[in-house]
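Basis for what follows: all heavy atoms, side chains included, without hydrogens, waters or symmetry-related copies. For ligands, and for the atoms within them, numbers begin at 1 and follow the listed sequence.
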Amino acid sequence: RFPIRKGDGLEVIDAWRVEHSHHKSPTKGGIRYSEMVNEDEVMALAALMTYKCAIVNVPFGGAKGGIKINPKSYTVAELENITRRYTVELVKKNFIGPGIDVPAPDYGSGEREMSWIADTYQTMNPGQLDALGCVTGKPIALHGIAGRREATGRGVAIAVRECVSVAEDMKALGLTPGLAGKRVIVQGLGNVGYHSAKFLAEFGAIIVGLCEFEGAIYNEKGLDIDEVFNHRKASGSILGFKGAQKEFKKSLEGLEQPCDILVPAALENQITEENVVRIHAKIIAEGANGPTTPGAEEMFVKQGGIIIPDMYCNAGGVTVSYFEWVQNRLGFKWTRDRVNRRSDRIIKTAFENVYKTSQEFNVTMRIAAYMVAIDKVAQTYKYRGGY
Ligand code: NAD
C-alpha cells in the first residue's frame, strides 16, 4: 500500500506482487491494472504463470502483479506516478530485477507502463548492464523486441490453427479441418483480442462477432477488425459500427451468437454454468486467463466441445518476453522473422505435447496441460534436491 497525490488530497493505492514458484529464477508474470484485482486473483494468476512457463519451456518461475485501480479514472501523470512508486516498492523489497523477478504487461497495462518501470529500475541501478531486462513488453525504442506486441494474439491464432488441423476431432465436432471459413467471435478488443482476431483472419477465418464492455456487434459475412477498431477509437464505442448486421447493448449476448470458435480475450469467469448452454461455438480458445469457470468447462466438454486452455493458448506472450529478456542480456536485436518463427514452433510443440497426453490418458486438454507442466516443475524440484 502506498500513497499518491490526487487532486488536492492523497489516495492510498493497494497493489501486489506474488512469486509463486522459485524452482527457476527469475520469476515472471504480468502486472494487471484493474479495480477488480485482489490478492487471491494475483496468487492464482502467479500459479498459472509457473505452469505456463513450464509448458513452453521458458526457464522462469511464475509470478504476477496487480494494482487495484481503474486506469481510466487517472491522468497519465498520475498513472506514471503510481507505476514508478510501485516499481520503487518492488526494488525495496527485492521483487524486481533481471535475475530476480521480471514483470510484463497484462490487462490494463502496456508498453507505456513497462517503460516507466524500466526507467525507474535503471535509475535506481546505475551502471547495471542488463538493467533493462528487469521488465519485458517494452517499446522497441527502449530495447523491446519486434513481435512482442502481437505475440500473445499470434500464439492464440497458432494454437487454434493447430487444434482445427486434427481431422478426426473436427469430424466429431461436425466441422471441416483447417481455419478457412471458420466463424469466430472474439471478446475484448485489447492487446490479446485485437491481435488474435487479426491473425485468425489472416489465417483464413471469418471474424463474425466482436464484444467489448459497452456492447457487441455481429455480421455473419465478417467484420473488418481494423475498421471496427478505428470506429471504436473515434466514437468511443463498438456500437454504431456501419458494417454490423446486429448489435447488442448487453455485451455477453455477443458470445451467444452463431459461430464455430469463441475467443474470450478480456477477463476471467465470462463463460459460466448460466450462459454456457447458449454458446454455439464448438471450440473455446482461451486468450484471457481463466475465462471459463470449472462448472462451465465440464458442461461444455459434455456438450462435445473442445477448450484450448489458457495455459498454452495465450503462452505466446511469455515466450516472446523470454526472447526479449535474453536479447536484453546479450545486447543485440533479433529480427521479427526470427522471433515469429521460433515462437510459432514453440507454441506448436506445446500443442503437440499436450494433445498427445490428452489422447493417451483420455483427459481434457486442460488436465493434460497441467499433467505436462506439473511434471516439468516437479522434475526441476527433484534435481535441485527439493521435494
Ligand atoms: P487489455 O487491457 O489490452 O485489453 C482488454 C480488453 O478487454 C479491453 O479492450 C477492455 O475494454 C475489454 N473488456 C473489459 N471488460 C470487458 C467485458 N466485460 N466484455 C468485453 N470486453 C471487455 O488486456 P490484454 O493484455 O489484452 O489482456 C486480456 C486477457 O489476456 C487478460 O486475461 C490477461 O491476463 C490475458 N493475457 C494477456 C497477455 C498479454 O501479453 N497482454 C498474455 C497472456 C494473457
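Regarding atom 19 (N) of ligand 1, its nearest protein heavy-atom neighbour is Gln187 NE2, 3.6 Å. In this structure, the protein non-hydrogen atom closest to atom 7 (O) of ligand 1 is Ala266 CB, 3.6 Å. The protein heavy-atom contact nearest to atom 24 (P) of ligand 1 is Val192 CG2, 3.8 Å. For atom 16 (C) of ligand 1, the closest non-hydrogen atom on the protein side is Phe213 CB, 3.5 Å. What sits closest to atom 32 (O) of ligand 1 on the protein, heavy atoms only, is Asn289 N, 3.1 Å. Ranking protein heavy atoms by distance to atom 4 (O) of ligand 1, first place goes to Gly190 CA, 3.2 Å. If you check which protein heavy atom lies closest to atom 14 (C) of ligand 1, you get Tyr107 OH, 3.1 Å. The protein non-hydrogen atom at the shortest distance from atom 8 (C) of ligand 1 is Glu212 OE2, 3.5 Å.
At least one N or O atom of Asn191 sits closer than 3.5 Å to an N or O atom of ligand 1. Among the atoms of Gly108, some N or O lies under 3.5 angstrom from an N or O of ligand 1.
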In sequence, state the C-alpha distance, the side-chain angles, and the governing distance for Glu297 and Arg366, and then conclude on salt bridge (Lys or Arg N to Asp or Glu O under 4.0 Å). CA-CA 10 Å; Glu297 170 158 12; Arg366 190 183 315 276; 2.6 Å; yes
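Residue Ala265 approaches ligand 1 through these ligand atoms, each under 4.0 Å from one of its heavy atoms: 28 (C). Here is the list of ligand 1 atoms found below 4.0 Å of a heavy atom in Gly287: 30 (O), 35 (C), 44 (C). For ligand 1, the atoms sitting less than 4.0 Å from at least one non-hydrogen atom of Asp106 are 25 (O), 33 (C), 34 (O), 36 (N), 37 (C), numbered in the order shown with element in parentheses. Within ligand 1, the atoms closer than 4.0 Å to a non-hydrogen atom of Leu189 are 9 (O), numbered from 1 in the order shown. In summary, the atoms of ligand 1 found under 4.0 Å from a heavy atom of Gly188, numbered by their order in the structure, are 7 (O), 21 (N).
Hydrophobic clustering keeps Tyr51 apart from Leu45 (ILVMFWY residues linked when any side-chain heavy atoms are closer than 4.5 Å, directly or through intermediates).
The backbone N or O of Ile100 sits nowhere less than 3.5 Å from a side-chain atom of Ser25 that would complete a donor-acceptor pair. Side-chain N or O atoms of His231 include none that pairs as donor or acceptor with a backbone N or O of Glu227 at under 3.5 Å. Between the Lys376 side chain and the Val372 main chain, no donor and acceptor come within less than 3.5 Å of each other.
In this structure, Arg148 counts as a contact residue of ligand 1, since one of its heavy atoms falls inside 4.0 Å of the ligand. Put simply, no part of Glu268 is less than 4.0 Å from ligand 1, judged by heavy atoms. Note on ligand 1: Gly30 sits outside its first shell, no heavy atom being nearer than 4.0 Å.
Other members of the hydrophobic cluster containing Phe361, listed by chain and number, are Val363, Ile367, Met371; membership follows side-chain contacts under 4.5 Å among ILVMFWY residues, whether direct or relayed.
Here the options are Lys250, Arg232, Lys249, the test is salt bridge (Lys or Arg N to Asp or Glu O under 4.0 Å), and the partner is Glu214; only Arg232 passes.
The salt bridge (charged side-chain N to carboxylate O under 4.0 Å, His left out) analysis of residues 49-73, with sequence neighbours excluded, yields the pairs Lys64-Asp106.
The proximity of Pro291 to ligand 1, defined as any non-hydrogen pair under 4.0 Å, does not occur for either the backbone or the side chain.
Counting only N and O atoms by type, the side chains of Arg32 and Ser109 include no donor and acceptor under 3.5 Å apart. Judged by distance alone, the side chains of Glu273 and Thr293 never bring a donor and an acceptor atom under 3.5 Å apart.
Residues Asn328 and Lys138 come closest through the heavy atom pair OD1-NZ, 2.7 Å.
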